[in-house]
Protein chains: 2
Amino acid sequence: MRGLHADTGYLLYRLGLRSGQLFNSFLLESGLRLRHYAVLRFLATSEGALQRELSARLGYDPSAIVGLVDDLEKLGFAERRPAPDDRRSRIVVLTEGGRAFLRDTDEAGLRVTNELLDPLDAAERETLHALLLRIAEDGLS
Amino acid sequence: MRGLHADTGYLLYRLGLRSGQLFNSFLLESGLRLRHYAVLRFLATSEGALQRELSARLGYDPSAIVGLVDDLEKLGFAERRPAPDDRRSRIVVLTEGGRAFLRDTDEAGLRVTNELLDPLDAAERETLHALLLRIAEDGLS
DNA sequence: GAGCAATAATTGATGACGTCAATAGTTGTT
DNA sequence: AACAACTATTGACGTCATCAATTATTGCTC
């Protein structure tokens with residue numbers, strides 16, 4: 001019989017869970033959850049995104065995005081702006097407050113990752129990251 | 001600003017989600033979910049486990065284990081047996097039906113993993129698996 | 001050995017979350 | 001001008017995690 005962790009896919013699932021829990025526990029202090037953080041990080045890379053882009057790229061339901069952006073707006077981390085060419089859409093952008101938050105928590109995020117990857121040396125971490133990125137780019141984005 | 005997937009921990013979280021979704025969709029046909037599958041696979045490696053062990057090793061709340069084992073018992077995949085040395089405990093064991101189910105679905109699980117790891121060749125998959133296992137063994141088990 | 005803290009399984013309550021259907025407003029097409 | 005497609009939003013529903021409380025049993029300690 002194959003072992004509990006003989007399957008890479010299942011192993012990924014388990015480690016993803018653990019990683020998510022670690023991130024969540026460090027975000028708890030800020031009153032945010034992982035999903036908010038995902039939105040913030042996406043906005044930081046894109047300089048403004050339609051909510052439907054956020055939904056598609058992050059894999060969350062459009063109705064979930066509504067609440068997440070609501071929360072971020074209340075905290076002053078993001079705002080909705082009207083899209084110039086389509087009045088149905090709203091463009092979500094990071095505010096200066098949101099950018100500052102990301103700067104402040106960046107180090108904490110790295111600490112979480114360090115804790116997780118503790119058994120690996122620098123070269124191995126590099127290898128792992130490259131492999132995961134290859135998988136992620138196929139389908140995810 | 002660092003990219004969306006610059007952080008290995010966050011990347012692991014995202015891929016873990018995707019992997020979990022794939023597993024879940026293949027398990028749906030059997031009426032089970034990922035958590036049931038996790039219990040079954042654990043039981044297959046351990047030849048009987050206290051519910052307390054399942055909770056600790058799989059990271060699920062003890063009260064969640066109750067429902068999962070209930071479901072597996074209803075399907076005839078596992079049973080609770082009295083623990084000889086401690087009447088508080090119950091030992092959960094895989095039945096022959098559960099073992100057959102694991103055999104039958106083993107191939108489907110591999111197919112899911114293959115789909116996920118599509119961008120990687122055999123050697124790379126080996127490397128990835130070894131690295132993930134090192135991380136998993138530290139804290140998880 | 002009597003009393004008391006600790007443990008295993010269980011139940012129940014609560015809140016968060018994903019999923020889905022429905023709606024309002026807007027755009028594009030024909 | 002009419003209709004299909006799309007964006008954001010709301011609301012409903014079921015699932016799930018989390019936590020406190022309960023029951024039965026064990027082990028510790030005085």
Side-chain angles (χ1 to χ4, degrees), chain A residues 13-14 16-25 27-28 30-39 42-43 46 48-74 78-93, chain B residues 13-14 16-25 27-28 30-39 42-43 46 48-74 78-93:
Chain A
Y13 159 70
R14 296 300 310 280
L17 264 189
R18 189 146 63 115
S19 181
Q21 285 166 354
L22 284 175
F23 267 91
N24 250 334
S25 63
L27 283 173
L28 219 73
S30 331
L32 294 181
R33 274 149 304 162
L34 202 40
R35 316 186 123 221
H36 299 99
Y37 189 65
V39 172
F42 185 85
L43 292 177
S46 69
L50 304 178
Q51 294 187 203
R52 78 157 299 275
E53 285 183 84
L54 291 173
S55 167
R57 302 287 293 273
L58 297 175
Y60 303 146
D61 193 87
S63 59
I65 301 289
V66 175
L68 293 175
V69 177
D70 283 350
D71 294 342
L72 293 176
E73 266 193 330
K74 276 194 199 87
E79 344 176 296
R80 282 179 242 243
R81 293 184 187 159
D85 55 332
D86 187 337
R87 282 198 296 180
R88 288 172 301 184
S89 305
R90 327 277 290 273
I91 297 179
V92 186
V93 298
Chain B
Y13 160 68
R14 296 298 310 280
L17 266 189
R18 189 146 63 113
S19 181
Q21 285 165 355
L22 285 176
F23 268 90
N24 250 334
S25 63
L27 283 173
L28 219 73
S30 332
L32 294 181
R33 272 149 306 163
L34 200 41
R35 313 185 126 224
H36 299 99
Y37 189 65
V39 172
F42 184 85
L43 291 178
S46 70
L50 304 178
Q51 297 188 201
R52 177 94 206 119
E53 286 182 82
L54 290 173
S55 167
R57 301 288 292 271
L58 298 175
Y60 303 145
D61 194 89
S63 60
I65 301 288
V66 174
L68 292 176
V69 176
D70 282 351
D71 294 341
L72 293 176
E73 266 192 333
K74 275 193 199 86
E79 348 175 292
R80 283 179 240 241
R81 292 184 188 159
D85 55 332
D86 187 338
R87 283 196 297 180
R88 290 172 302 180
S89 304
R90 327 279 288 274
I91 295 179
V92 186
V93 297

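Proteins get letters first, then strands, A, B, ... in listed order; numbering begins at 1 in each.
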May I have the distance from [X] (atom [atom1]) to [N] (atom [atom2]), rounded to whole angstrom?
| X | N | atom1 | atom2 | value |
| --- | --- | --- | --- | --- |
| Leu54(B) | dA8(C) | CG | P | 13 Å |
| Glu73(A) | dT9(D) | CD | C1' | 13 Å |
| Arg52(A) | dT9(D) | CZ | C1' | 15 Å |
| Tyr60(B) | dA9(C) | OH | P | 17 Å |
| Leu50(B) | dT26(D) | CG | P | 13 Å |
| Asp70(B) | dT10(C) | CG | C1' | 9 Å |
| Leu68(B) | dT15(D) | CG | P | 14 Å |
| Asp85(B) | dA8(C) | CG | C1' | 12 Å |

Check your understanding: On DNA chain D, nearest-nucleotide positions of Ser89(A) versus Ala64(A): which is more 5'?
Key -> Ser89(A)
Dump every N/O contact between nucleotides 20-25 of chain D and the protein below 3.5 Å, one line per pair.
residue, atom, partner, partner atom, Å
dT25(D), O2, Arg88(B), NH1, 3.4

Quick one: are [X] and [Y] in side-chain contact, heavy atoms under 4.5 Å?
| X | Y | answer |
| --- | --- | --- |
| Phe42(A) | Leu54(A) | yes |
| Leu27(A) | His36(A) | no |
| Leu50(B) | Ile91(B) | yes |

Review point. Does any N or O in the side chain of Arg88(B) come within less than 3.5 Å of the main-chain N or O of Ala83(B), such that one atom is a donor and the other an acceptor?
Key: no
Practice item. Please answer whether the main-chain N or O of Tyr60(B) pairs with a side-chain N or O of Ser55(B) as donor and acceptor at a distance below 3.5 Å. Key: yes
Check your understanding: So, is Arg90(A) close to the dA8(D) phosphate, meaning a side-chain N or O under 4.0 Å from OP1 or OP2?
Key -> no
Exercise for review: Establish, with yes or no, whether the OP1 or OP2 oxygen of dT9(D) is under 4.0 angstrom from a side-chain nitrogen or oxygen of Arg80(A).
Suggested key: yes
Check your understanding: Just wondering, more than 12 heavy atoms not from Arg52(A) lying within 6.0 Å of its CZ?
Key -> no
Exercise for review: Run the numbers on Glu73(B) and Val92(B) for side-chain contact (heavy atoms from CB on, under 4.5 Å), then give the verdict.
Suggested key: CA-CA 10 Å; Glu73(B) 266 192 333; Val92(B) 186; over 6 Å; no
